[in-house]
Amino acid sequence: MRKALRWLLALTVFIGTLSTAAGAATAAESEPTDIKDRLLSIPGMSLIQEKPYPGYRYFVLNYTQPVDHRHPDRGTFQQRITVLHKDTSRPTVFYTSGYNVSTTPSRREPTQIVDGNQVSLEYRFFTPSRPAPADWSTLDIWQAASDQHRVYEALKPLYSANWLATGGSKGGMTATYYERFYPRDMDGVVAYVAPNDVVNKEDSAYDRFFERVGTKECRDRLNAVQREALVRRGPLEKKYAAYAAENGYTFTTIGSLDKAYEAVVLDYVWGFWQYSLLKDCDTVPADAATATDEEIWNSVDTISGFSAYTDQGLETYTPYYYQAGTQLGAPTIHFPHIERKLIRYGYQPPRNFVPRSIPMRFQPDAMRDVDTWVRHHADHMLFVYGQNDPWGSERFRLGAGARDAYVFTAPGANHGANVAGLIPDQKSLATARILDWAGVSPAAVAEAKPLARYDARLDARDTEREPALRP
């Protein structure tokens, strides 16, 4: 009897084991294995397009996000993301420009260094990633960081290796804010040319920058062209009016063609140093006083862009100007080389570049909070700046509480500064830290070189250029 019971128990366990194994096999068979199917199995994820690229899979996707992360029941919107997929076992770089997302396959510098996957996110309120109707009060740095957090949580089960956040300019700011609000998500942050306007009304650092940047000869050339464009305001504004009529440009948001003209001209010197190099001074008219109107116009248009402050030029960037006027802050500089009688408006505040139907109120504590956090809590963070980039005048700095964090400056570089442009010792250190944070082999960390070969199509790019005075 005892033997019979033992036999029956063994048979029951055996049958149970078979059933469990069969169930596990069925579940495993039902789980998608293709990366596209795995991505689309994520709740809220939908495919816009897949584009081929050798050695990768590249997807343009929509992800359903709450309009307000504090109140998820108040509606949703579709946020665009792209995934440059290499292998789920590789590290993943989480990139945002802080503006629209590009739907062309590309690879940011940290992605090349770690030879990994890249997830790129469109910033909320940049169309088409804008809620409808648009509640502009939900456009702030915490809501945007929460967008990134939800995307990370959705994709981490697929890409289980280490993650790094990165971005340039406003994207570098975005990566920093994300780390401040969700410090446990990323294994490291690489923030390029990220401005840090802690006290919005104190901008003397910019004035000091423009007094010494480059060479005196170059500064004098640029200042003379800028001044001459204001001296010749009458004839050049007639040209501007014809240009606007020809292209269908209007000036409702800023208020007048005159305001737009001055805004473009006052951006001229800043725009040159943001996107050009010292060697490019040769392209600036050598003698502004004897230059033709056409030469002055062309130089200003090439560097600043006369379409920038039209309604059509401003519309795309309304979310940026809204944030600049509510949290990020915006620079104000002086022009000692220009007589006061020639300047009617000076640097105009962000409020002038946002439709009046959108309410704005500045929050002075937002940037102070982030700055304090970075100084005392930065961990596994790298900030890279360009020596000749005006946006680096007010930058992130590290305090005693920072750990394994660095601030480096690329000599002679503009707003396109990167790790590759650092002096050799800093370049090696920065590359090694990025590789270490990505969790690659100790041998690769010790070698301190990018793991992926340079790809002219994926890696070659101009400086992340945003027309007019935008980071």
Side-chain angles (χ1 to χ4, degrees), residues 168-169 192-193 206-233 235-240 242-244 246-247 249 260-310 313 331 333-338 342-343 347 385-393 409-418 420-421 456 460-471:
S169 197
Y192 297 88
V193 295
Y206 296 108
D207 293 322
R208 292 192 295 273
F209 169 87
F210 286 110
E211 288 174 359
R212 62 177 183 266
V213 62
T215 64
K216 184 178 185 304
E217 179 187 2
C218 187
R219 293 194 300 271
D220 288 347
R221 274 197 188 195
L222 291 164
N223 290 344
V225 170
Q226 186 177 54
R227 178 185 176 279
E228 195 67 24
L230 294 176
V231 169
R232 305 188 198 186
R233 195 175 199 131
L236 289 181
E237 282 198 359
K238 289 182 180 178
K239 184 175 178 64
Y240 194 19
Y243 167 79
E246 180 182 352
N247 291 280
Y249 292 145
Y261 180 83
E262 182 171 295
V264 171
V265 171
L266 294 186
D267 280 353
Y268 176 74
V269 174
W270 185 299
F272 176 87
W273 292 113
Q274 181 169 346
Y275 295 119
S276 304
L277 299 173
L278 183 58
K279 63 181 179 62
D280 298 318
C281 278
D282 290 342
T283 66
V284 177
D287 186 356
T290 61
T292 65
D293 286 355
E294 191 74 12
E295 287 173 325
I296 298 295
W297 169 276
N298 288 340
S299 188
V300 174
D301 190 37
T302 299
I303 291 172
S304 299
F306 277 107
S307 66
Y309 291 102
T310 65
I333 64 174
H334 301 94
F335 304 90
H337 59 283
I338 301 175
L342 295 176
I343 298 178
Y347 261 19
Y385 292 95
Q387 179 188 9
N388 290 344
D389 175 22
W391 287 108
S393 301
T409 301
N414 60 14
H415 207 52
N418 58 12
R461 64 182 59 84
D462 295 328
T463 303
E464 294 183 45
R465 188 178 184 109
E466 301 298 341
L469 192 64
R470 289 187 280 268

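Worth saying up front: this structure is predicted, and the values here are computed from it rather than measured. Just so it is clear, the values below take in all heavy atoms, side chains as well, and ignore hydrogens, waters and symmetry mates.
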Measure across [X] and [Y] and return the closest heavy-atom pair with its distance rounded to 0.1 Å.
X: S304; Y: V264; value: OG-O, 3.0 Å
X: L230; Y: L342; value: CD1-O, 3.9 Å
X: T302; Y: N298; value: OG1-O, 2.7 Å
X: N414; Y: W273; value: CB-O, 3.6 Å
X: Q274; Y: W391; value: OE1-NE1, 3.0 Å
X: R470; Y: Y275; value: O-OH, 4.0 Å

### Query
For residues D301 and Y243, is any side-chain donor paired with an opposing acceptor at under 3.5 Å?
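Judged by distance alone, the side chains do not pair up.
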Any non-hydrogen side-chain atom of [X] less than 4.5 Å from a side-chain atom of [Y]?
X: Y309; Y: Y261; result: no
X: K239; Y: D293; result: no
X: F210; Y: S393; result: no

Report yes or no: does [X] contribute a side-chain atom to a donor-acceptor pair with the main-chain N or O of [Y] at less than 3.5 Å?
X: R221; Y: E217; answer: no
X: D207; Y: H334; answer: yes
X: D280; Y: L277; answer: yes

#### Entry: Qualifying residue for side-chain hydrogen bond (donor to acceptor under 3.5 Å, both in side chains) with H337, from R227, Q226, R219
Q226
What distance separates [X] [atom1] from [Y] [atom2], expressed to the nearest 0.5 Å?
X: Y249; Y: Y240; atom1: OH; atom2: OH; answer: 9.0 Å
X: L222; Y: I303; atom1: CG; atom2: CD1; answer: 6.5 Å
X: K238; Y: R232; atom1: NZ; atom2: CZ; answer: 14.5 Å
X: N223; Y: I338; atom1: CG; atom2: CD1; answer: 7.0 Å
X: Y347; Y: D267; atom1: OH; atom2: CG; answer: 5.0 Å

### Message
Applying the side-chain contact (heavy atoms from CB on, under 4.5 Å) criterion to H415, which one of S169, S276, P390 satisfies it?
### Response
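Only one of S169, S276, P390 forms a side-chain contact (heavy atoms from CB on, under 4.5 Å) with H415, namely S169.
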### Query
Checking side-chain contact (heavy atoms from CB on, under 4.5 Å) for the pair Y268/V284: CA distance, chi angles, key distance, verdict?
CA-CA 11 Å; Y268 176 74; V284 177; 3.5 Å; yes
